[in-house]
Amino acid sequence: MNLPNLRIGNGYDVHRLVEGRKLILGGVEVPHSLGLDGHSDADALVHALCDALLGALGAGDIGAYFPDTDPQWKGISSLLLLKEVMRMCREKGFELANADTIMVAQKPKLAPHLPQMIKNMAATMNVESERINIKATTTEKLGFAGREEGIAAYAVALLIKNV
């Protein structure tokens with residue numbers, strides 16, 4: 001059976017906000033009194049995109065490749081994980097058509113940092129910036145994000161098979 005030349009995947013990640021950690025999103029250190037808790041740099045945006053890409057490949061999720069029980073991933077930049085996931089996509093003959101993402105956070109304001117996040121992620125994936133879209137929203141103080149307990153990120157990625 002020949003599979004279609006297009007594959008879509010979605011991803012989701014959430015991390016708790018804690019004291020004593022840097023807030024890293026899209027490879028950008030965002031000034032804030034709290035940071036995301038996690039084994040790596042806890043970049044929820046990049047983790048969600050990795051999961052979307054892996055989903056499009058039908059290759060599981062980020063935890064299968066970079067488990068939080070493995071000390072080699074402790075404190076690692078999530079951009080390095082994204083680079084490896086993109087290598088996996090290309091190894092299977094796929095290229096990124098586009099990715100659309102959204103971060104959910106009450107604070108801090110993320111909009112001023114979106115252009116640099118896009119640049120970082122595009123450079124890491126070796127694609128044009130126009131292929132990556134990042135949005136940020138609040139929850140109007142509802143839920144865990146609204147209470148500033150954590151930050152969530154969603155991503156959708158469309159891959160196209162090289163022919």
On a heavy-atom basis, the closest approach of Ala157 and Ala56 is O-CB, 4.3 Å

Same apolar cluster (I L V M F W Y, side chains within < 4.5 Å links), Ile132/Val104 | no

Find out whether Cys50 and Lys83 are in side-chain contact, i.e. whether some heavy atom of one side chain is under 4.5 Å from a heavy atom of the other.
-> no

Single-linkage hydrophobic cluster, 4.5 Å side-chain cutoff, Ile24 and Leu114 together | no

Taking every non-hydrogen atom, the tightest pair across Ala44 and His15 | CB-CD2, 3.9 Å

Please examine the side chains of Leu96 and Leu53, heavy atoms only from C-beta on, and report whether any two atoms are closer than 4.5 Å.
-> yes

Could Arg16 and Glu149 be called an ion pair, given the rule that one side-chain N must be under 4.0 Å from one carboxylate O?
-> no

Would you kindly confirm whether Val14 and Leu49 end up in one hydrophobic cluster when ILVMFWY residues are joined by side chain heavy atoms under 4.5 Å apart?
-> no

Going by distance alone, is a donor N or O of one side chain under 3.5 Å from an acceptor N or O of the other, for His39 and Thr69?
-> no

Would you kindly confirm whether Ile118 and Ile102 end up in one hydrophobic cluster when ILVMFWY residues are joined by side chain heavy atoms under 4.5 Å apart?
-> no

Is there a donor-acceptor pair closer than 3.5 Å between any side-chain N or O of Asn120 and the backbone N or O of Ala123?
-> no

Donor-acceptor under 3.5 Å (Arg21 side chain, Gly38 main chain) | yes

Determine the minimum heavy-atom distance between Cys89 and Leu159, stating which atoms define it.
-> SG-CD1, 3.9 Å

Between Leu110 and Ala105 the two heavy atoms that sit nearest each other are CD1-CB, 4.0 Å

Between OG on residue Ser129 and CD1 on residue Ile134, distance to nearest 0.5 Å | 9.5 Å

Pairs where residues 117-163 contributes a residue and the test ring-ring contact (aromatic ring centres under 6.0 Å, His included) is met, not counting sequence neighbours = Tyr12-Tyr154

Can you check whether Gly146's main-chain N or O pairs, donor with acceptor, with Thr139's side chain at less than 3.5 Å?
-> yes

Does some side-chain heavy atom of Asn126 sit less than 4.5 Å from a side-chain heavy atom of Arg90?
-> yes

Answer whether the closest heavy-atom distance between the side chains of Glu95 and Val127 falls below 4.5 Å.
-> yes

Going hydrophobic residue to hydrophobic residue with side-chain gaps under 4.5 angstrom, can you get from Ile62 over to Leu57?
-> yes

Given side-chain contact (heavy atoms from CB on, under 4.5 Å), test Asp100 with Lys135 step by step and report yes or no.
-> CA-CA 8 Å; Asp100 187 34; Lys135 302 176 294 277; 2.6 Å; yes

Ile76 side chain reached by Asp41 side chain, heavy atoms, under 4.5 Å = no

Do the non-hydrogen side-chain atoms of Met117 and Leu45 ever get within less than 4.5 Å of each other?
-> yes

Heavy atoms, side chains only, cut-off 4.5 Å: are Tyr65 and Glu84 in contact?
-> no

Under 6.0 Å from the CD atom of Gln72, do we count more than 12 heavy atoms belonging to anything else shown?
-> yes

Could you tell me which non-hydrogen atom of Ser78 sits nearest to which non-hydrogen atom of Ala42, and how far apart they are?
-> OG-N, 4.4 Å

Distance-only, no hydrogens or angles: does the Asp43 side chain make a donor-acceptor pair with backbone N or O of Gly27 under 3.5 Å?
-> yes

Any side-chain heavy atom of Gln106 sitting closer than 4.5 Å to one from Arg147?
-> no

Give the minimum heavy-atom separation between Lys161 and Lys92, together with the two atoms involved.
-> NZ-O, 3.3 Å

